[in-house]
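Working notes, beginning with the structure itself.
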Number of protein chains: 2
Amino acid sequence: MEAISPLRCFTHLFFGLLLIISLSSRYSALNHAEFSLNCTNYSPWCTSKNRIQSKSNLILDNPKPEPFDHSTNTPNHPLDPLTVQEINKARSILLAYPPFVASLPVIHSLTLDEPDKSRVVKWAKGNHLPPRKAFVIVFIHGQSHMLVIDLGPGRVISHVVNYKLGYPILVTDDWSNALEVPLANEEFKKIIASRGVEFFDLACVPLATGWYGPNEEGRRLIKVQCFSKQGTVNYFMRPIEGLTLTVDLDKNEMVSISNTGNGIPIPKATNTDYRFKVQNKPLNMIPVNPISMEQPKGPSFTVDGHLVKWANWEFHLKPDPRAGVIISRAMVRDSETGKLRSVMYKGFSSELFVPYMDPTDGWYFKTYMDAGEYGMGWTAMPLILLNDCPHNAHYMDAVFATSDGKPYVRSNMICIFERYAGDIAWRHSEFLPSSSEVRESRPKVTLVARMAASVGNYDYIIDWEFQMDGLIRIKVGLSGMLMVKGTPHQNTNQVAEDENMTGTLVSENVIGVVHDHYVTFYLDMDIDDSDNSFVKVNLVKEETSPGESPRKSYLKAKRNVVKTEKDAQIKLKLYDPSELHVVNPNKQSRLGNPSGYKVVPGGTAASLLDPNDPPQLRSGFTNNQIWVTPYNRSEQWAGGLFVYQSKGEDTLAVWSERDRSIENKDIVLWYTLGFHHIPCQEDYPIMPTVSASFDLKPVNFFESNPILRAAPNDEKDLPVCRAATSS
Amino acid sequence: MEAISPLRCFTHLFFGLLLIISLSSRYSALNHAEFSLNCTNYSPWCTSKNRIQSKSNLILDNPKPEPFDHSTNTPNHPLDPLTVQEINKARSILLAYPPFVASLPVIHSLTLDEPDKSRVVKWAKGNHLPPRKAFVIVFIHGQSHMLVIDLGPGRVISHVVNYKLGYPILVTDDWSNALEVPLANEEFKKIIASRGVEFFDLACVPLATGWYGPNEEGRRLIKVQCFSKQGTVNYFMRPIEGLTLTVDLDKNEMVSISNTGNGIPIPKATNTDYRFKVQNKPLNMIPVNPISMEQPKGPSFTVDGHLVKWANWEFHLKPDPRAGVIISRAMVRDSETGKLRSVMYKGFSSELFVPYMDPTDGWYFKTYMDAGEYGMGWTAMPLILLNDCPHNAHYMDAVFATSDGKPYVRSNMICIFERYAGDIAWRHSEFLPSSSEVRESRPKVTLVARMAASVGNYDYIIDWEFQMDGLIRIKVGLSGMLMVKGTPHQNTNQVAEDENMTGTLVSENVIGVVHDHYVTFYLDMDIDDSDNSFVKVNLVKEETSPGESPRKSYLKAKRNVVKTEKDAQIKLKLYDPSELHVVNPNKQSRLGNPSGYKVVPGGTAASLLDPNDPPQLRSGFTNNQIWVTPYNRSEQWAGGLFVYQSKGEDTLAVWSERDRSIENKDIVLWYTLGFHHIPCQEDYPIMPTVSASFDLKPVNFFESNPILRAAPNDEKDLPVCRAATSS
């Protein structure tokens, strides 16, 4: 990548950056995103007008002898993301596009404009690719513009201005602008001094702000809060509580300064740093010997560009700046016929909603929508070898476009590995004298595709796990740091009976504020073909008639094919259970059962906020745990395409209210994983991972158990290993 | 073990067995338990009056060079199960006990009578063991007797007759008696002939029957149903539908024969056998290369008798004929002080409830309580090396007493292994120009203790997983075979609109009947000490006052210390969420938070049966998902000590109604994992494992993240492996 772009900083930005660097000791940070002010360093956020990843970093991040050459890479699947060359070409086209000739606007998104489903489905290896197009979002003069560029003929073929509310995803320029304003503000400087923080210890983070009514409407506002990084890299644990700056991003001006935190000390740095190299006490436990997943004959999967093949699965896997990871064209081989059969056309984490439960001045606006405001791909840093993924993992890089329209390589953003966790795929044992014992058991080996986004303080680990029995497990793990609140209290005995604590005292002067996490997945299921139906199989209590049976009651499974969207707005109920199937009504098993997959809920939590509360309106996609909508190319982002400061007019909740027909149609299933998080001391200073998952599971899709014929593990297949240190 | 007991069959039983063997070709089987009629073979059920495991089997099951010598083993912990010598001694004492001198009654249970908690807690290594006692249940003349034997002085110190309803766990003698009766019955023989089944293809299973009102009350009845094993080991898929024999176990007489299945064909054997050696078609998938969890420096845990030590955990682990596995004295090392701290005094699967949802004649009584009727330990066969547990597993044998009071070794009943599944214990990555990148991630390594019970057709895999962050995950996996029902239908298009199908057509002429599984765990939590409280931390929606905040609503965590049992009867509600803590109100963190653990629900399903339906009365412990009771030595089995044909008068539901105080007391937490199972074709002929779990998780138990100082994986720790076949 090093050959592609010389290091170049626009002059006015360069000085702006320098100013901040000098004032804040080359350091600044933002919640829910981070920011490099030094463009010679590697940074996931240093993707603005001036740089792509340097050679040295590529080597650092990818220890393979021959790093993948992104500069010459060409697409070989209709869904492959834009390549370095394609991004460069798109930029050239934009630079020559008459409205932008004078000045290239800030590019908030530049990604593949995916071909229509019908074209993708028809495409086969060896065919020409459908026309390659780029979808671009730029922001200029207070307006979002959406453009489609046909890269073949090299022209803009569509250009639409967004007149609805909501702004595009924030880019590095926005973060730097947000930080420039306070640093020039004398009042801010005085406050910082009065709180006893040295300017070079200051770490300020620009926080996206949701829409909260007319006062803060119609302009791109951002809230800036600051921390002390003195003595720790974990500045998140050292808030300068009560100080909130509201900045107008486009006017570059301070809208207001709120300073209510006098008397609240800044929590100490002691015991906040989590880096291994600074730990100076031993761990109080018996050391654990090295353990590793080993495959001496190598992994069993292949990755051809973005096409992954493993066991009976085949799917397309790509990084996306907003969604993080997109799985497409997931197909499984039929255990009887050997033919590949479609399961899911496209699946990804569409939006997140993270409301903090504190309505006070410095906290009410913390109701993040991480995908649409920050980007799960933008915030996914290179995975940490041997720790984020096991020894036997394969890594995939991402190529994204910067806000200047240049290509940028995020190395090792996704890992793919086979997993054997010691679990059992199926088993039975029995004693049969006539035929000796029956003792049959099969090990469970799966394939995992993983990414980890560090959206500021929080880390989201997203796993797609494929099982040979046809099951897909989607798992989200949460780690990283709590968003904490300063308090005068050092012990709960100092808290007055009637005091409204909005969380748990997790350290001296530190409250871990109660919050929720919702991760909503877009799952365009195409079971055997695109036309599917959604079926609720309700388990209903039946009463027996007098004298009919010694039993009074039993459960009966009742199938209800759902006709329209509103009937597919599902709130899960423990005492009104149902299985939820996506079936192909046109494809029956040999027994006449429709071919299907069911969504198996897990990690459920419901949002309890008032449905008319602004954050809940904006994140209306969490009003139900499950929704089904007819496929609509423009309905992929559950909170809307323009999430930042939206009013929630373009959400899944709004689309679904149209109550369109969903029977025997191309339909999309939406599932929301939810977490209520009441912090505890164990979450301090960094949280042990909490995870939850849900499954997509075949139901009468296969004629019988598809892994009946799987082989058991055998002693002769075991690797022969020795400790590395014994060599 | 071979030296201890000569092979001896009681003469009358021997002839009975021979009769069955000759008639049924040395073969018979039972649902929810299996049965050897050939006492020279190994069998988990061949534990009656006549045998213990032979030497050859010990070697077969345990490939270690020096098998553990159970014959000389002595207990070295107060909770260690009875040894071979102790069981022999108990039997001698019983034989000399005046009431039993004439004839030793059938022994339904002979296990350690655990010392009082206070004695166990005070005991330290090096101390004398508290007096070793045996608790014995015998059945004689229609009555259950409970005896306590003090093994030291060698005498019976307590002898109580059970006058309540309910009978003890079934033993092999019961199974064989149940099968003798029909084989002497001419009507039965005629029916079998009329259904076209050759006598030597017959496989009959005695099914425990719940109490269903006065008709079948006050006597030990059993239902016998038969299958054809012609052409398959998977006879469960070949029911002779509609034929149900009711046998009086004590009178050895046929009570009734119900034959309603004429016209229902016996499903074909084709494609039912699941043994690897009979599979003759290839698996339609890319072969997966060998993969293994490797620890070239060996495992990090130690097993000293039954005491397991690993990382920061220490616990006592033992097999139990009824519960399967019992975890006791689980203690975790404090990350700050290094001291061991109590978490749980005792935990085990206390009872199961498996109601099938078919009220008709041959099915209404299938509402199994697998622990109390069959025994999760009795039905746990030796684990299958390399497949049930990974390469790096350690195996533990069980020593049980047969119904003749003799010791019996079940080899490899439990496995213990360290797991690295490629998951992340905690992580964060961030770009900080002033201090370079922060990229910290820690691999998650856990310890798993596993058993697998084959309760007839179904297999239950029970895992206790210990994490270094203090979390305990309890997971139940379900595999094995469906309990299926014969039907004339070969395709769903033959099913009439108004026909009451009680399940899914999973193969030609085979219905997989809808059913539930509930597994209720006894969890005697002793957080730091025995006196604990149960706290509901409710998340409640609060509305803001007008003008107070741009937010309308937020959630507030409200702590409610539960005073009495009834307030601890918890039905989980998605829209009324709470965290459920067991805390020690007498032990605070340095911040004043009470030391606690929370139960994190997972795998929830609620029983919807009528609360007055006989099976629901008997399994009233499933009326709620969570209960808390004060510790009571006699309240350990959620369905009562005598479950078989009980009326449910001694269940958790009844105990809890006493509404005793549970605040700042020694309390027991009960959690029920639930599964609704609507079968599908993928479950045929053997089911891919479905699993669910719940967690016990520290909450303000540690002062901070207890694995903050854990080390990352390092390249130098990786094993160096080669494929075995390349050697």
Side-chain angles (χ1 to χ4, degrees), chain A residues 27 38 43 212 279 283-285 288-291 294-297 300 311-312 338 357 359 364 381 384 386-388 390 420-422 426 428-429 431 433-434 441 454 469 479-480 491-492 541 549-555 591-592 608-610 613 680-681 688 699-700 709 713 717 719 721 723, chain B residues 26-27 38 43 212 279 283-285 288-291 294 296-297 300 311-312 338 357 359 364 381 384 386-388 390 420-422 426 428-429 431 433-434 441 454 469 479-480 491-492 505 541 549-555 592 608-610 613 680-681 688 699-700 709 713 717 719 721 723:
Chain A
Y27 173 74
N38 177 347
S43 161
Y212 281 101
Q279 306 304 321
L283 193 62
N284 280 314
M285 59 176 76
V288 167
N289 288 340
I291 180 166
E294 291 296 327
Q295 294 185 284
K297 290 186 179 174
S300 323
N312 47 350
M357 301 304 174
Y364 74 88
M381 268 171 273
I384 303 165
L386 295 182
N387 287 282
D388 277 337
Y420 170 56
W426 61 258
H428 187 62
S429 57
F431 181 66
S434 63
S441 179
S454 296
D469 61 8
S479 188
N491 192 291
T492 55
K541 183 176 80 169
S549 166
R551 285 269 284 274
K552 286 187 194 301
S553 59
Y554 63 101
L555 300 194
L591 305 172
L608 304 180
L609 295 182
D610 188 303
D613 207 352
C680 58
Q681 286 182 241
V699 53
N700 304 312
R709 298 195 294 272
N713 267 345
D717 293 328
C721 301
Chain B
R26 298 167 194 281
Y27 174 74
N38 179 347
S43 159
Y212 282 100
Q279 305 305 321
L283 194 62
N284 279 314
M285 56 177 77
V288 168
N289 287 341
I291 180 167
E294 291 296 326
K297 291 185 177 173
S300 323
N312 47 351
M357 301 303 174
Y364 73 88
M381 269 170 272
I384 303 165
L386 296 181
N387 287 282
D388 276 337
Y420 170 57
W426 61 259
H428 186 61
S429 57
F431 181 67
S434 62
S441 178
S454 296
D469 60 8
S479 187
N491 192 292
T492 56
L505 196 66
K541 183 176 80 170
S549 166
R551 285 270 283 274
K552 286 186 194 300
S553 60
Y554 63 101
L555 300 194
L608 305 180
L609 295 182
D610 187 303
D613 206 351
C680 58
Q681 285 181 242
V699 54
N700 304 311
R709 299 195 293 272
N713 267 344
D717 293 328
C721 302

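By convention in this document, chain letters (A, B, ...) are assigned in the order of the sequence lines, proteins followed by strands, and residues within each chain are numbered from 1. Just so it is clear, the structure is predicted and the values come from calculations on it, not from any experiment.
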Value for CZ (A/Arg709) from CG (B/Leu283), rounded to nearest 0.5 Å, stands at 6.0 Å
Inset, instruction - For A/Asp613 and B/Lys552, indicate whether the former's side chain and the latter's backbone hold a donor-acceptor pair under 3.5 Å. - result: yes
Ranked by heavy-atom pairs below 4.5 Å to chain B, first place among A/Leu591, A/Ile291, A/Asn284, A/Asn491 goes to A/Leu591
task: Look at the side chain of A/Ser454 and the backbone N and O of B/His428, then say whether any donor-acceptor pair between them is shorter than 3.5 Å.
output: no
Okay, B/Asp388 and chain A: the region with an atom under 4.5 Å from a heavy atom over there is both
Contacts of A/Lys541 meeting salt bridge (charged side-chain N to carboxylate O under 4.0 Å, His left out) (sequence neighbours excluded), chain-then-number -> A/Glu543
Worksheet item: Do the side chain of B/Thr492 and the main chain of A/Gly592 share a donor and acceptor less than 3.5 angstrom apart?
Response: yes
Exercise. Are the side chain of A/Asn387 and the backbone N or O of B/Asn713 linked by a donor-acceptor pair below 3.5 Å?
Worked result: yes
Review point. Are the side chain of A/Asn289 and the backbone of B/Lys297 linked by a donor-acceptor contact shorter than 3.5 Å?
Key: yes
Closest heavy-atom pair, A/Glu294 versus B/Pro719, reported as atoms and distance to 0.1 Å, is OE2-CG, 3.5 Å
Sidechain-backbone polar pair: B/Arg551 side chain, A/Pro359 backbone, donor-acceptor under 3.5 Å: no
Highest number of heavy-atom pairs under 4.5 Å with chain A among B/Val288, B/Asp469, B/Leu505 belongs to B/Val288
Scored by heavy-atom pairs under 4.5 Å with chain A, the best of B/Asn700, B/Leu386, B/Asn312 is B/Asn700
Exercise for review: Please confirm whether the backbone N or O of A/Pro290 pairs with a side-chain atom of B/Asp717, one donor and one acceptor, at under 3.5 Å?
Suggested key: no
Rounded to the nearest 0.5 Å, the OG atom of A/Ser553 sits from the CE atom of B/Met357 at a distance of 8.0 Å
Looking only at B/Pro390, B/Ser549, B/Ser441, B/Ser479, most heavy-atom pairs under 4.5 Å shared with chain A are made by B/Ser441
Heaviest contributor of heavy-atom pairs below 4.5 Å to chain A, chosen from B/Pro688, B/Gly480, B/Gly338, is B/Pro688
Honestly, the part of B/Gln279 sitting under 4.5 Å from a heavy atom of chain A is side chain
Applying a strict 4.5 Å limit to non-hydrogen atoms, the region of A/Asp610 in contact with chain B is both
